[in-house]
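One structure below.
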Amino acid sequence: MPSEIAELDALCVNTIRGLAIDAVQKANSGHPGLPLGAAAFAYSLWTRHLHHSPANPKWFNRDRFVLSAGHGSMLLYALLHLTGYDVSMDDLKSFRQLHSKTPGHPEYGHTAGVEATTGPLGQGFANGVGFAIAEAWLAATYNRPGHDVVDHKTYVICSDGDLMEGIATEAASLAGHLELGKLIVLYDDNDISLDGPTALSFNEDIPSKFAAMGWHVQSIDGLNVDATDRAIREAISHNGKPSLIACKTIIGFGSPNKAGSSKSHGSALGPDEVKLTKSALGLPPDQDFYTPEDALSHFRQAVATGQEREGKWAKVLEAYAIAHPDEHAKFTAAMAGDFGSEWVGALPSFSAEVSAATRESGRAVLKAIGALHTGLLGGNADLSESTYALQHDSGDFSRTNNAGRNIFFGVREHAMAAALNGMTLHGGVHSYGGTFFNFSDYCKPSIRLAALMGCPVTFIFTHDSIGLGEDGPTHQPIEQLTGLRAMPNLNVIRPADGNETSAAWKIALESKSTPTLLVLSRQNLPTLTTQDVRTHPAHMGGYVLHEAEGGPAHVTLIGTGSELQHCVAARSALQSEGIGARVVSMPSTYLFDKQASEYRESVLGVVPRVAIEAGATLGWYKYAQTVVGIDQFGLSAPADQIMKELGMNADHLVAVVKATLGK
């Protein structure tokens with residue numbers, strides 16, 4: 001019997017390998033090396049340890065699996081197909097083709113069973129940390145003695161390339177510090193990257209490095225199914241620490257001429273080498289996409305096993321509902337992404353007498369709604385004293401208190417952003433994270449993936465312009481607004497006062513498939529807009545704040561954030577000279593562009609249109625003929641002096657308007 005099991009294991013592992021190299025060869029594009037090398041340890045994980053349900057990929061208490069080394073996507077697609085997910089043989093044959101379910105890198109929401117969009121190296125690793133944080137918080141929040149309704153693990157497969165990326169070290173350091181014991185990473189340690197041997201650029205002692213960061217570490221033969229099995233069991237038993245299993249493998253395993261070489265990393269093996277590889281693996285060399293019945297039958301046991309696990313969990317949930325009905329109601333709502341509506345009624349508004357930085361207004365929002373929004377979980381990249389993005393009286397998430405709502409990410413902006421993605425992808429939480437706006441550059445790859453995945457994270461970026469003052473040009477964002485607004489499916493909101501800030505939070509927390517960036521000021525701003533924050537016109541993206549007085553408008557002034565006040569002041573000054581000016585607030589060009597053309601034209605009104613914003617002018621010419629902005633780096637001085645020096649005031653705006661009108 002043991003030999004028969006070993007034979008079946010070998011057949012199953014080689015079936016994964018054969019499907020992968022055939023799909024890559026048919027597409028004449030892809031990465032065959034990783035699936036050939038990692039198939040054995042991936043098979044051990046998927047068939048002996050991973051708790052999942054192919055018939056119901058969204059079963060909430062499933063283990064999460066992230067292929068951080070997303071270039072090896074055919075490994076994942078083969079496993080999804082073989083274990084019974086909605087990934088057909090035809091889908092495998094359509095690998096990397098237009099509109100197929102099997103794109104070049106795994107895409108969340110596109111292929112059943114894909115938990116996160118991966119490919120940019122290191123991202124999936126950090127997503128995995130976010131998944132583990134969400135699981136730990138939900139377990140601490142909802143589990144009760146004898147009723148573990150949240151109890152699952154996060155598994156990640158990563159590569160040498162993942163671990164070279166700084167984001168992975170950031171995330172690993174955080175995971176070790178937080179003692180995320182249900183996070184298990186299998187490292188495909190094959191000593192090869194695209195350029196050749198990793199020794200060209202990488203000679204770190206990875207096991208020692210991770211041990212120093214507080215991880216439980218093992219090193220195994222990654223080509224051995226049973227060794228992997230034992231290592232995963234050992235990792236599970238050390239649930240006080242995250243685990244790294246360094247799996248020594250051979251890239252392109254089985255390929256007579258390309259195994260152990262970078263030649264197998266990023267391109268098809270070639271027809272002749274595919275046949276030679278199949279022969280070496282004991283597969284029919286002339287039969288493409290070979291799937292032996294014994295192997296398929298063994299893999300497909302995952303369907304029944306998954307349904308059985310679901311059934312057992314349903315009984316746990318049933319008993320929980322009887323013992324703890326209130327918690328059960330909240331938990332089932334959270335699983336569905338419903339965090340209640342009580343928080344909406346608590347959104348603060350601000351009177352005309354209030355002058356406050358929008359970061360201060362954001363703090364007031366979090367203080368008002370934090371305890372009422374049942375899924376709000378987030379923190380800061382070591383800047384909570386400046387961003388004010390903390391939930392008051394909500395506790396700190398730590399190794400000893402997983403129920404705290406405030407996460408201290410440390411100076412790890414990129415890992416924070418990717419972890420936020422993982423937290424929200426996990427489900428049951430709405431994640432947010434804060435840092436200075438200029439440091440959005442550190443977060444941008446993760447922001448881009450949030451937009452690509454339709455992951456509604458809330459990013460809080462304060463110190464939004466030259467208005468931060470003396471810290472100078474290294475900290476003063478100029479081009480960031482323009483660059484981020486150019487990103488598809490990303491809602492960048494730059495509110496002009498507390499009421500727009502409150503409304504912006506409502507927009508962010510109600511978003512289902514779009515991440516939101518709240519871009520907030522350091523300096524105080526006057527209250528200019530309506531106090532009705534629940535139906536605030538900011539949800540239109542742009543709206544008329546003031547019409548011209550006493551007659552038709554000669555010009556439309558468009559402002560955002562701290563510059564809207566200059567539009568209001570310029571309107572009065574122009575009016576005194578007989579020049580009628582309409583004022584438009586444009587907190588979100590993303591939302592404004594979604595409105596009907598008739599509405600947009602009714603808001604923008606007459607020509608000429610003059611826009612003002614303390615940032616790059618590129619992008620504003622879509623809405624205005626004249627733009628007052630900043631196309632240079634900032635300066636180090638008190639904020640009001642810099643603003644005056646660079647023309648960010650009402651006097652300069654009035655002069656520009658008069659010149660535009662020829663007056």
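These numbers come from a predicted model, not from an experiment.
With respect to Lys93 and Asp22, no salt bridge is recorded, no charged nitrogen being found less than 4.0 Å from a carboxylate O. A salt bridge does not link Asp63 to Arg309: none of the charged nitrogens lies less than 4.0 Å from a carboxylate oxygen. Looking at Arg399 and Glu179, a side-chain N of the basic residue comes within less than 4.0 Å of a carboxylate O on the acidic one, giving a salt bridge. Asp86 and Lys101 are joined by a salt bridge, as a carboxylate oxygen and a charged side-chain nitrogen come within less than 4.0 angstrom of each other. Salt-bridge formation is not detected for the pair Asp226/Arg230: no Lys NZ or Arg NE/NH1/NH2 atom is positioned less than 4.0 Å from an Asp or Glu carboxylate oxygen. Contact check on Glu273 versus Lys258 returns no salt bridge, with no Lys/Arg side-chain nitrogen under 4.0 Å from an Asp/Glu carboxylate oxygen.
Taking CD1 from Ile236 and CD1 from Ile184, the interatomic distance works out to 5.0 Å, rounded to the nearest 0.5 Å. Taken from OG1 in Thr458 to CG in Leu376, the straight-line distance is 8.0 Å, to the nearest 0.5 Å.
For the residue pair Gln218 / Ser243, no side-chain donor-acceptor distance below 3.5 Å is found, with atom types taken as modelled. Side-chain contact of Thr424 with Ser431: a donor-acceptor pair under 3.5 Å is present, judged by distance alone.
Here the side chain of Thr118 pairs a donor or acceptor atom with the backbone of Leu67 at under 3.5 angstrom. Using modelled atom types, one side-chain atom of Asp91 and one backbone atom of Ser88 make a donor-acceptor pair closer than 3.5 Å. Side chain of Lys26 to main chain of Phe95: no donor-acceptor pair is present (N/O by atom type, distance under 3.5 Å, no hydrogens or angles).
The heavy-atom pair separating Arg96 from Ser29 by the smallest distance is NH1-OG, 2.7 Å. Residues Ile192 and Ser261 share a closest heavy-atom pair of CG2-C, 4.0 Å. Nearest heavy-atom pair across Leu449 and Pro120 is CD1-CG, 4.2 Å. Between Pro54 and Ala302, the closest heavy-atom pair is CD-O, 3.5 Å. When every heavy atom of Asp221 is checked against every heavy atom of Ala227, the shortest pair comes out as O-CB, 4.0 Å. Between Val24 and Pro32, the shortest heavy-atom contact is CG1-CD, 4.0 Å.
The shortest side-chain heavy-atom distance between Leu75 and Ile16 falls under the 4.5 Å cut-off.
A distance of 6.0 Å or more separates the ring centres of Phe299 and Trp46. Aromatic pair Tyr155/His49: centroids not less than 6.0 angstrom apart.
Ring geometry for Phe125 against Phe210 counts as perpendicular: the plane angle is over 60°, on a 0 to 90° scale with 30° as the lower cut. Note: Phe331 and Tyr142 have tilted aromatic rings, judged against thresholds of 30 and 60 degrees for the angle between ring planes. The aromatic rings of His216 and His238 sit parallel, their planes meeting at an angle under 30°, below the 60° perpendicular limit.
Remark: Lys278 is not positioned above the aromatic ring of Tyr290, lacking an NZ or CZ atom under 6.0 angstrom from the ring centre and at most 45 degrees off the axis.
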